[in-house]
Participant: 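What follows is a structure written as structure tokens; I'll ask about it next.
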Amino acid sequence: MALYITQAAMTGDLASLFSLILLVMPIFCLSIRSFPARDGPEHGFRYAEAPEYRNGVRCPALSAAPSGGRIEEEEVASYCDPTLVNIAMTLDFEYLRGSIAAIHSLLRHASCPENIFFHFIAAEFDPASPRILTGLVRSTFPSLNFKVYIFREDTVINLISSSIRHALENPLNYARNYLGDILDPCVDRVIYLDSDIIVVDDIRKLWDTALSGGRVIGAPEYCHANFTKYFTDNFWSDPLLSRVFGSRSNPCYFNTGVMVMDLRRWRDGNFRKRIENWMEVQKRKRIYDLGSLPPFLLVFAGNVEPIDHRWNQHGLGGDNVKGSCRSLHPGPVSLLHWSGKGKPWVRLDSMKPCPLDFLWEPYDLYKPVRRGPRDRTAVEISSTLTGYSSYLM
């Protein structure tokens, strides 16, 4: 079920929007065990356990887990199973609350929730270690089918240049560039999602998008946007650089927070290296100001499979400086995206929410911890993590 936004709803009647958003769901994990501990690694917070969501009778049957892949006597699907919808997201302490809500919304609206497999990319030196983050996800979604990969930040840190917002310089923002290397070779297709989204439709519909003409990625395009503003005068004044768009019929802006990616074509075309090449140019001659997005535009703009705008109603976090409130565009909505500076959980906690932040709130599972002698629960991860991978370049 998707939302449909009318002009009247945009301007006032948010109660009618609330009635269209249903509460959320649970998940299940691969090869990771969690146990109660006497003190909390959650940095002073925890999450309510999500409810269980199961497949209907018409969903494809899952294959059995590979040898050694059983968790607490439950079989889980192999991530190589072709019946799965593969979702890639980053996982970090700062945006964990958003990630939990995003997962929750995906499962709540999925027609076959057990056929979703999550590939989480966690930073090697996050304030909350990958093991702690894994445990929090595992305790919130006991049945979630997922795998955690450790991203080596030194892979990209020397290629990152300063941005207009410090948060955009986080190395984990660039993990999407390396999905072809990070994920197992059997994963040849994936949906990449940012952590500041909620999905209010069946993700299988997005998964079924065909990438025609040998295209590598699909995303909603915004051809009305001023494409020139994403690059500096240094770029446009250099005829050798700016001619990169000359051979493309209609290069348009697209947001990299929602992408369908053909990883087989990505690997074959060495697109990671193509993106890195532009990042190296940026280090020598500043050609953009906006973090990880412009290299994707330089490589793909004009050769993107167009996807309906309903799958990325982005910009709900305002701009990258003030984070002002914004409205939805009229029409159907399948995915809401708080790209920009303002995040719904921050604005809700500060008692300064924007109207659309209340559409995010029903998916929030965050529960503050009251620290006391009888109120200490936590998650501690077993030292044996057979579902844990370290990404080495």
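In what follows, every heavy atom counts, from backbone to side chain, and hydrogens, waters and symmetry copies are set aside.
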Participant: Supply the atom-to-atom distance S111 OG to D202 CG, rounded to the nearest 0.5 angstrom.
Facilitator: 3.5 Å
Participant: OG/S195 to CD1/I103 distance, rounded to the nearest 0.5 angstrom?
Facilitator: 8.0 Å
Participant: Show your working on ring pair (Phe, Tyr, Trp, His ring centres under 6.0 Å) between W338 and Y95 and close with a plain yes or no.
Facilitator: CA-CA 12 Å; W338 279 261; Y95 283 86; over 10 Å; no
Participant: Any donor-acceptor pair under 3.5 Å linking the side chain of T232 with the backbone of R286?
Facilitator: yes
Participant: Just wondering, do L206 and V199 contact through their side chains at under 4.5 Å, heavy atoms?
Facilitator: no
Participant: Going by heavy atoms in the side chains, are R54 and E114 under 4.5 Å from each other?
Facilitator: yes
Participant: Would a 4.5 Å heavy-atom cut-off, applied to side chains only, mark V260 and I307 as touching?
Facilitator: yes
Participant: Any donor and acceptor pair, going by atom type alone, linking the side chain of R176 with main-chain N or O of M89 inside 3.5 Å?
Facilitator: no
Participant: Are H309 and H329 close enough, and set up right, to give a side-chain contact (heavy atoms from CB on, under 4.5 Å), and what steps lead you there?
Facilitator: CA-CA 9 Å; H309 290 175; H329 301 294; over 6 Å; no
Participant: Would you say F271 and L263 make side-chain contact, with heavy atoms under 4.5 Å?
Facilitator: no
Participant: Could you tell me which residues satisfy side chain to side chain contact (heavy atoms under 4.5 Å, CB included) with S212, sequence neighbours excluded, listed by chain and number?
Facilitator: R215, E305
Participant: Angle class for the Y79/H119 ring planes (parallel below 30°, perpendicular above 60°, tilted otherwise)?
Facilitator: perpendicular
Participant: Keeping Q282 on the side-chain end and Y288 on the backbone end, is there a donor-acceptor pair under 3.5 Å?
Facilitator: yes
Participant: Ignoring hydrogens, what is the shortest heavy-atom contact between C252 and L297? Give both atom names and the distance.
Facilitator: O-CD2, 4.2 Å
Participant: With the threshold set at 4.0 Å, does a side-chain nitrogen-carboxylate oxygen contact exist between D349 and R97?
Facilitator: yes
Participant: Atom NZ of residue position K283 - does it have more than 12 heavy atoms of other residues, nucleotides or ligands inside 6.0 Å?
Facilitator: yes
Participant: D319 versus R326: any side-chain heavy-atom pair under 4.5 Å?
Facilitator: yes
Participant: Take atom CG of D233 as the centre, draw a 6.0 Å sphere, and report whether it contains more than 12 heavy atoms from other residues, nucleotides or ligands.
Facilitator: no
Participant: Rounded at 0.5 Å granularity, tell me how far CG in N86 sits from CD1 in I116.
Facilitator: 10.5 Å
Participant: Can you see which heavy atom on S339 is nearest to which on H314, and at what distance?
Facilitator: OG-CB, 3.6 Å
Participant: Tell me, please, whether W266 has R272 positioned over its six-membered ring: NZ or CZ under 6.0 Å from the ring centre and within 45 degrees of its axis?
Facilitator: no
Participant: Rounded to the nearest 0.5 Å, what's the gap from CD1 on I157 to CZ on F125? Could you check?
Facilitator: 9.5 Å
Participant: Not counting sequence neighbours, list each pair that qualifies as a salt bridge (charged side-chain N to carboxylate O under 4.0 Å, His left out) and has a residue in residues 254-271.
Facilitator: D188-R264, D262-R265
Participant: Please report the shortest heavy-atom distance between D81 and A61, naming the atom on each side.
Facilitator: OD2-O, 4.4 Å
Participant: Look at E276 together with R274 and state whether they make a salt bridge at an N to O cut-off of under 4.0 Å.
Facilitator: no
Participant: Less than 3.5 Å apart, any donor N or O on the side chain of N312 or H337 sitting next to an acceptor on the other?
Facilitator: yes
Participant: Tell me which one of Y366, W360, Y363 satisfies ring-ring contact (aromatic ring centres under 6.0 Å, His included) with W345.
Facilitator: W360
Participant: Might you point out which heavy atoms bring L293 and F254 nearest each other, and give the distance in Å?
Facilitator: CD1-O, 3.3 Å
Participant: So which atom in R248 and which in L298 form the shortest heavy-atom distance, rounded to 0.1 Å?
Facilitator: NH2-O, 2.5 Å
Participant: Do the two ring centres, one from F151 and one from Y178, sit under 6.0 Å apart?
Facilitator: yes
Participant: If you measure only the distance, is there a donor-acceptor pair under 3.5 Å linking the side chains of D184 and Y149?
Facilitator: yes
Participant: Quick check for you: to the nearest 0.5 Å, what is the distance between L172 atom CG and D92 atom CG?
Facilitator: 5.5 Å
Participant: Do you know which two heavy atoms are closest between A50 and L365, and how far apart they sit?
Facilitator: CB-CD1, 3.9 Å
Participant: So how far is it from S242 OG to I287 CD1, rounded to the nearest 0.5 Å?
Facilitator: 10.5 Å
Participant: Would you confirm whether the ring centroid of F141 sits within less than 6.0 angstrom of the ring centroid of F118?
Facilitator: no
Participant: Does Y222 form a side-chain contact (heavy atoms from CB on, under 4.5 Å) with H224? I'd like the steps, not just the answer.
Facilitator: CA-CA 6 Å; Y222 304 90; H224 63 278; 3.8 Å; yes
Participant: Going through the checks in order, is the side-chain contact (heavy atoms from CB on, under 4.5 Å) test met by T256 and I217?
Facilitator: CA-CA 10 Å; T256 53; I217 66 171; over 6 Å; no
Participant: Answer whether the closest heavy-atom distance between the side chains of N115 and V85 falls below 4.5 Å.
Facilitator: no
Participant: Would you please indicate if the ring centroids of Y253 and Y230 are separated by under 6.0 Å?
Facilitator: yes
Participant: Test I87 against I203 for side-chain contact (heavy atoms from CB on, under 4.5 Å), laying out the working first.
Facilitator: CA-CA 10 Å; I87 306 293; I203 196 65; 4.0 Å; yes
Participant: Any donor-acceptor pair under 3.5 Å linking the side chain of N255 with the backbone of G257?
Facilitator: yes
Participant: Restricting to side chain to side chain contact (heavy atoms under 4.5 Å, CB included), what partner residues turn up for P353, sequence neighbours left out?
Facilitator: L348, D357, F358
Participant: For F231 and F245, take the angle between the two ring planes, folded into 0 to 90°, and tell me which bin it lands in: parallel under 30, tilted 30 to 60, perpendicular over 60.
Facilitator: tilted
Participant: Are K205 and S334 close enough that some pair of their side-chain heavy atoms sits under 4.5 Å apart?
Facilitator: no
Participant: Hey, does K285 have a side-chain heavy atom less than 4.5 Å from the side chain of D238?
Facilitator: yes
